[in-house]
Structures are given as structure tokens and as C-alpha cells.
**Student:** 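A single structure is presented below for examination.
Below, each value reflects all heavy atoms present in this structure, side chains not excepted, and no hydrogens, waters or symmetry copies. All ligand and atom numbering here is 1-based and tracks the order in the structure.
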Amino acid sequence: MHPMLNIAVRAARKAGNLIAKNYETPDAVETSQKGSNDFVTNVDRDAERLIIEVIRKSYPQHTIISEECGELAGEDKDVQWVIDPLDGTTNFIKRLPHFSVSVAVRIKGRTEVAVVYDPMRNELFSAVRGQGTQLNGYRLRGSTARDLDGTILATGFPFKHKQHATPYINILGKLFSQCADFRRTGSAALDLAYVAAGRVDGFFEIGLKPWDFAAGELLVREAGGLVTDFVGAHGYLTSGNIVAGNPRVVKAMLANMRDELSEALKR
Ligand code: IPD
Ligand code: CA
Ligand code: CA
Ligand code: CA
């Protein structure tokens with residue numbers, strides 16, 4: 001196994017086990033608010049600490065970027081671990097058992113290793129660049145849909161970016177007239193993992209953060225899928241406006257989004 005994948009898996013499993021354990025004891029969970037509709041708990045922070053400990057033990061020189069603690073610069077800036085210790089905090093708080101741990105390794109800006117772990121189902125999605133995507137050790141392939149007909153698309157509502165509500169709803173309406181149905185699961189990292197697994201045919205969301213999609217992006221690509229921004233380019237790396245699916249589904253989604261994009265959504 002790729003040595004960094006080994007560490008990413010160890011870290012994600014440790015954090016996932018801690019999250020699952022705390023899910024059973026809701027009275028011990030302390031929630032605070034970071035911004036409007038934006039929550040964090042002691043479990044997000046404890047899981048983050050565990051992941052960082054595991055990485056630091058093997059790779060003290062690497063840089064770490066994680067949702068709750070920001071950037072921890074290491075001597076080696078070329079290797080970055082991009083972490084979401086608990087993706088789906090709102091589900092966790094509401095006791096809706098769908099959330100994940102996301103760990104990615106980027107070397108000179110390119111993602112090489114990815115792990116998304118769902119501790120409630122014990123599903124571990126992983127990828128190493130050039131080696132395909134696996135779920136619990138079995139190879140995954142994405143959807144083979146040729147167009148939007150019959151597809152299930154995942155999305156996340158822009159609940160932290162309500163200024164985009166109107167174009168978002170318009171896009172949703174257009175896509176809905178052509179796909180079979182939508183899913184809004186509450187964990188973007190798992191949405192991307194599910195695209196990789198063909199459980200959903202496509203995904204789009206406005207304004208994700210690098211830790212939400214760093215691992216999921218590689219899972220999708222290594223399963224034969226495509227990840228772009230809303231105009232088919234790479235702007236999502238900074239904007240977080242992301243579309244994912246097999247190349248034909250992405251093309252069909254983009255064609256439907258084109259006329260509904262505000263200037264801010266074109267990057
Ligand atoms: C959130 C989840 C959610 C998505 C949000 C993210 P968090 O991450 O991925 O599905 O819609 O945009 O912020 O805050 O639970 O780690
Ligand atoms: Ca969060
Ligand atoms: Ca997240
Ligand atoms: Ca998070």
C-alpha cells in the first residue's frame with residue numbers, strides 16, 4: 001500500500017471511531033456556532049486532533065490544512081494534507097447518521113491520495129492517483145449514464161451563501177425537469193464518494209471549501225469521472241463551485257446551468 005494512504009486510512013478510521021462513539025452519547029456533544037447556519041462541535045475538534053497526531057507522527061515535516069484549525073505550516077510546503085475531520089456536522093448534531101471523515105494528500109497542488117470514511121456504515125472509500133478508486137478494497141466504477149434521463153443527482157443547498165439562492169433554484173429547476181430525482185445528503189465528501197461508486201450519477205454544489213472536496217475529487221476521477229466548475233474549467237479549486245459525474249453527465253449538467261449563471265458562479 002502507498003505509505004501515505006496507509007497513514008490517511010489509519011487517521012480517518014481513528015477519527016471515525018471517535019465520531020461514532022460520540023454519536024451514541026449526544027449529551028456529551030457541545031455545539032457552538034461559527035457563523036450563520038454554520039456549526040461546530042467538540043467532536044469535530046477532537047477528531048481533528050487525532051488525525052493531526054497520526055500524520056505528525058509519520059510526517060512531522062508536512063503541511064496540514066484542516067477545517068477547524070486552518071493551516072499548520074510544516075518545513076515541507078509541497079506536501080499538504082487537506083482534512084475535513086467531520087463532514088456533515090449538521091447531520092451529526094441532528095443525529096442523522098450520515099457523515100464522514102475526509103483526508104487528502106496534495107503534492108505540489110495535485111491530489112495523490114484520498115480517503116473518505118463513513119464510520120456509521122464502515123465504508124472506506126480510497127484512491128491513489130493512477131490506481132483507481134476502491135470501497136473497502138473493491139474497485140469502483142462511476143455511473144455509465146449517457147445523459148440526464150433517469151439519473152439521480154446529488155447536491156447541497158447553498159445554506160451559507162444565500163445570495164446565490166435564486167440562480168441555484170433556477171439551476172435545480174432546469175436539471176429537475178430532465179433528471180429522475182435529487183438527493184441532498186448533507187456530506188459533500190460522501191456525495192463525491194457516491195458519484196465515484198455510481199450510487200448517484202452526478203453532483204453539484206456552490207461554494208465548497210477545499211477540505212470538502214479534496215479527497216472526493218480524486219475518488220471521482222479515479223473512478224472514471226470528471227470534476228469541473230460551472231463552466232467546465234478549474235475555477236472550483238478556489239471558488240468551490242463544483243460539478244462532478246461521468247463526462248457525459250457533467251456535459252449535460254453544464255449545458256443546463258449555462259443560462260442561469262450569475263457572474264460570480266462563472267468561476
Ligand atoms: C458541509 C457538508 C455539506 C455541504 C456544506 C459543507 P461540514 O461540511 O459537506 O454537505 O452542503 O457546504 O460545508 O461543515 O459539515 O464539514
Ligand atoms: Ca463545518
Ligand atoms: Ca465539510
Ligand atoms: Ca467539517
Side-chain angles (χ1 to χ4, degrees), residues 8 11-23 29-55 64-72 80-106 111 114-120 123 125 154-162 164 183-196 200 203-220 227 236-244:
R13 281 198 190 278
K14 265 199 160 181
N17 293 344
L18 176 92
I19 294 165
K21 208 170 110 212
N22 278 275
Y23 185 80
V29 176
E30 293 154 24
T31 301
S32 52
Q33 198 159 355
K34 294 201 284 186
S36 147
N37 305 315
D38 193 1
F39 299 94
V40 63
T41 73
N42 55 323
V43 180
D44 298 61
R45 297 207 177 89
D46 291 348
E48 180 170 79
R49 207 168 304 125
L50 268 185
I51 296 169
I52 292 171
E53 251 173 48
V54 171
I55 298 168
I64 296 175
I65 298 168
S66 186
E67 179 176 7
E68 310 307 341
C69 71
E71 178 169 335
L72 305 173
Q80 296 181 329
W81 291 70
V82 185
I83 296 158
D84 193 335
L86 202 183
D87 184 58
T89 298
T90 302
N91 282 350
F92 178 77
I93 293 167
K94 299 298 276 183
R95 298 188 47 71
L96 209 160
H98 185 85
F99 35 77
S100 60
V101 180
S102 176
V103 179
V105 186
R106 283 183 177 165
T111 307
V115 171
V116 173
Y117 180 53
D118 172 349
M120 302 308 280
E123 288 192 322
F125 299 85
T155 187
F157 296 114
F159 64 100
K160 281 184 271 180
H161 313 277
K162 293 209 173 164
H164 296 310
R183 295 290 180 269
R184 196 294 188 244
T185 77
S187 165
L190 279 177
D191 289 338
L192 289 163
Y194 283 17
V195 170
V200 296
F203 166 70
F204 82 103
E205 186 159 341
I206 291 172
L208 287 180
K209 297 292 187 193
W211 42 82
D212 297 317
F213 65 79
E217 177 191 11
L218 186 67
L219 297 178
V220 171
V227 179
Y236 68 89
L237 289 168
T238 45
S239 67
N241 301 330
I242 196 162
V243 182

**Student:** For Glu67, run the side chain to side chain donor-acceptor pair (under 3.5 Å) check against Lys34, Arg45, Lys209 and tell me which one passes.
**Tutor:**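 Of the listed options, the one satisfying the test is Lys34.
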
**Student:** Name all residues meeting the side chain to side chain contact (heavy atoms under 4.5 Å, CB included) criterion together with Ala215; count only those two or more places apart in sequence or in a different chain, and write none if there are none.
**Tutor:** Ser102, Ala104, Ala114, Val116

**Student:** Is the Phe99 to Tyr23 ring centre distance short of 6.0 Å?
**Tutor:**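 Close enough - the centres of the two rings lie under 6.0 Å apart.
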
**Student:** Could you report the tightest heavy-atom contact between Thr155 and Phe204, atom names first, then the distance?
**Tutor:** OG1-O, 2.8 Å

**Student:** For residues Tyr236 and Phe213, establish whether the separation of their ring centroids is below 6.0 Å.
**Tutor:** yes

**Student:** Protein N/O/S atoms under 3.0 Å from the Ca ion (ligand 4): how many?
**Tutor:** 3

**Student:** Quick one about Thr41 and Thr31 (side-chain donor to acceptor, distance below 3.5 Å, no hydrogens or angles considered), yes or no?
**Tutor:**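 Side chains of Thr31 and Thr41: no pair found under 3.5 Å.
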
